[in-house]
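The model shown is predicted, which means the values in this text are computed figures rather than measured ones. Numbered from 1 within each chain, the chains take letters A, B, ... in sequence-line order.
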There are 2 protein chains.
Amino acid sequence: MCPVSSRPEVTMAQRKRQLVADELTEAALQLLALKGFDTVTIDEIAASAGVSKRTFFRYFASKEDVVVQFLAGMGADMRAQLADRTAEEPPSAALRRAVWVAMAACADHSDRALRVVQLILRTPALHARFLEHQARWRDDLAEELTRHRAPGREDDLYPRMAAGMALTAFDAVLHRWSDSDGAEDPAGLIDQAFAVIAPALDAG
Amino acid sequence: MCPVSSRPEVTMAQRKRQLVADELTEAALQLLALKGFDTVTIDEIAASAGVSKRTFFRYFASKEDVVVQFLAGMGADMRAQLADRTAEEPPSAALRRAVWVAMAACADHSDRALRVVQLILRTPALHARFLEHQARWRDDLAEELTRHRAPGREDDLYPRMAAGMALTAFDAVLHRWSDSDGAEDPAGLIDQAFAVIAPALDAG
DNA sequence: TTCATGCTTGACACTCAGTGACACGAGGGG
DNA sequence: CCCCTCGTGTCACTGAGTGTCAAGCATGAA
C-alpha cells in the first residue's frame, strides 16, 4: 500500500500528527526562550500553534515535557550505541562513544540545542524533569552493561556505578558547554571527563 | 533572658513555627504513605494538621517539598563533613566519609527514613525534586573540593566529576538499601561503591 | 491596665495546570 | 450514500499555588 509515498510505512494520519507536534514544540521553544518558563501559559503556546489547550495535552504531558522531549531521543541513542560494540571494547571506550553520540546530537543543531539546554539548566522545574530522564538513561545503560558482564557477579554495583559515572561525565560536559555558550569543544571536554573516570571504569 | 530554657537563643515564636512545620510534615508523611502521592490533596494534609491550605504554603513550597525537605539536611551534612578534614586525606576517603554521614542519617531513623526514601524513589514527581537537590549537593561538594585543589588547575573537570562520582555512589547505595527494604548494610554497600570509584578519585 | 506594634493565621478570590465527557466534522471503507 | 473512526474543540471541573486583607495574639512600652 501507498506505493508512491516516500515513506511507505508512514500513514497520512501519522504525518499530520507529527506536524502538529512539531508546531507545538516550535511555538513552545520560541515563547519560552522569549518570555521565560514561568510567565508563559499553556494556553499561549497552544494558541500560538493554532490549536486548543486540550489538544496540547494530547501531545505532551506537561509544559516541561515539550522542552525535555526535545532531548529525549538522546537516551535511546546512547543505549543503542552502547549495545552495539560493547563486547569488543573496554567499558571506558564503549561508554565514551555512547556519551559522544548524545553530545554530537546537541552539537549538530548547536544553535537550537544550545538555547534549549541553557533553558533547561536555568529553570529548576525543567532541570528536575531532565534529571529524571537521565536517571532512566542510567538504568538503561546499567542494564546494557549487565548484559555483557561476566557471570557470577550479577548483583555487584559496577554496572550502575559505571553508567552513573558516564552520565556524570555527560552532565559535566553539558554544563561546561552551556556555560561557555557553546564555545568549548564537546569532544575535548568528553576526553577530559573520561580521562578522570577511565581508571575506575576499566578496573572493574 | 530565658534563664530556664534549654535553648536560650530560640524565641517562643520560632518554637511555635517549628511545631507547625513538624505537624505538617508528620501529617503529610502519614497520608502520603497511606494513600499514595497523587491521591492526597494539600487540603487534606493541611486539615489533618489542623491548619488552612494557605498556611501550608507558608511553610512548604509544594507537596513535593514536604517530603524532600525531610532529607534536605543531608546536603549540608555532607558538605560540612567534607570541609572538615579534606586536606589531610585522599579524596576517596574524604568523600566516603561525606556519603557515610548522609546514609547514617538515614540508617539512624531507619523506620521513618526508609519509607520516605521508598516513597521518593517510586514517585516520579518526588524523584525529580530529589535529583534536583542532589544536583545542588554536587555543586556544593565540587566547590568544597576546588577549595583544596592545587593551584593552576582551577578550571579542570576533576572536582565536579569527583563530586558526581560520590553522589553516584550515594544513589546506588540508596537504591539498593531501598530495594532491599533496609536489609542490606549501608556501610558495606558504601564500601563496595567506593571500591569502584576510588581508582578514579585518587588518580586526579 | 492599656495601647501600639508586629507577626501569624484564616478566609476569600483568582489564575493556571491538568483531566473527563461529549459533540462535531473530516476522511476512509463498505 | 452511509457508517465508522479518529482527531479536535468546547465545556466543566478539581487541585495547585498566590495575592490580599482583616482578625487574633504575643510582646513591649507607657
Side-chain angles (χ1 to χ4, degrees), chain A residues 1-5 8-25 27-28 31-32 35-69 123-126 128-129 132, chain B residues 1-5 7-25 27-28 31-32 34-69 123-126 128-129 132:
Chain A
M1 41 185 84
C2 277
V4 290
S5 166
E9 302 300 336
V10 174
T11 151
M12 177 68 179
Q14 284 174 315
R15 256 181 296 172
K16 238 171 112 177
R17 194 172 167 78
Q18 187 59 46
L19 199 74
V20 178
D22 290 348
E23 202 74 32
L24 278 168
T25 304
L31 284 171
L32 292 178
K35 302 178 56 181
F37 185 77
D38 302 316
T39 55
V40 175
T41 71
I42 292 184
D43 288 274
E44 283 182 273
I45 297 173
S48 168
V51 298
S52 71
K53 184 184 79 167
R54 196 63 187 85
T55 294
F56 175 94
F57 282 108
R58 290 188 176 106
Y59 284 83
F60 300 101
S62 65
K63 198 162 51 163
E64 293 94 35
D65 212 33
V66 202
V67 185
V68 175
Q69 284 264 358
T123 307
L126 287 173
R129 290 291 162 187
E132 211 190 334
Chain B
M1 45 183 79
C2 275
V4 289
S5 165
R7 298 288 155 89
E9 301 299 336
V10 175
T11 153
M12 179 67 179
Q14 286 173 314
R15 255 181 296 171
K16 237 172 113 177
R17 202 175 159 75
Q18 187 60 46
L19 198 75
V20 178
D22 291 347
E23 202 73 32
L24 278 168
T25 303
L31 284 171
L32 293 178
L34 190 65
K35 300 177 57 180
F37 186 77
D38 301 315
T39 55
V40 175
T41 72
I42 292 184
D43 289 274
E44 282 182 275
I45 298 172
S48 169
V51 299
S52 70
K53 182 184 80 168
R54 195 64 186 85
T55 294
F56 175 93
F57 283 107
R58 290 191 176 103
Y59 284 84
F60 300 101
S62 64
K63 197 163 53 164
E64 293 94 33
D65 212 33
V66 202
V67 184
V68 174
Q69 284 264 358
T123 308
L126 288 173
R129 291 291 162 188
E132 211 189 335

Over all atoms of both residues, closest heavy-atom pair of [X] and [Y]:
X	Y	value
A/Ala27	A/Ser48	CB-OG, 3.5 Å
B/Val67	B/Leu126	CB-CD2, 3.8 Å
A/Ala46	A/Leu24	CA-CD2, 4.3 Å
B/Phe37	B/Ala125	CE2-CB, 4.2 Å

With rounding to the nearest 0.5 angstrom, report the [atom1] to [atom2] distance, [X] to [Y].
X	Y	atom1	atom2	answer
B/Phe57	B/Asp65	CZ	CG	10.0 Å
A/Glu44	A/Lys63	CD	NZ	8.5 Å
A/Arg129	B/Glu132	CZ	CD	10.5 Å
A/Ile42	A/Leu31	CD1	CG	12.0 Å
B/Thr123	B/Leu32	OG1	CG	8.0 Å
B/Thr41	B/Lys35	OG1	NZ	7.0 Å

Once you build an axis from the first five pairs and another from the last five of the helix from C/dT1-D/dA30 to C/dG30-D/dC1, how far apart in angle are they, to 10 degrees?
10°
Provide the start and end nucleotides, 5' to 3', of the part of DNA chain D that has atoms under 4.0 Å from heavy atoms of chain B.
D/dG15 to D/dT20
Provide the full list of salt bridge (charged side-chain N to carboxylate O under 4.0 Å, His left out) pairs with a residue in residues 47-59 of chain B, sequence neighbours left out, each pair given once.
none
Take the protein atom [atom1] of [X] and the nucleotide atom [atom2] of [N], then report the distance between them rounded to whole Å.
X	N	atom1	atom2	result
B/Arg15	C/dT8	CZ	P	15 Å
B/Arg17	C/dG6	CZ	C1'	14 Å
B/Lys63	C/dG18	NZ	C1'	13 Å

When you measure from every atom of DNA chain C, which of residues 47-60 of chain A have a heavy atom less than 4.0 Å away?
A/Lys53, A/Arg54, A/Phe57, A/Arg58
Could I get a table of every N or O pair under 3.5 Å where one atom is in the protein and the other is in nucleotides 23-29 of chain C?
none

List for me each residue that meets ring-ring contact (aromatic ring centres under 6.0 Å, His included) alongside A/Tyr59, sequence neighbours excluded, and say none if there are none.
none
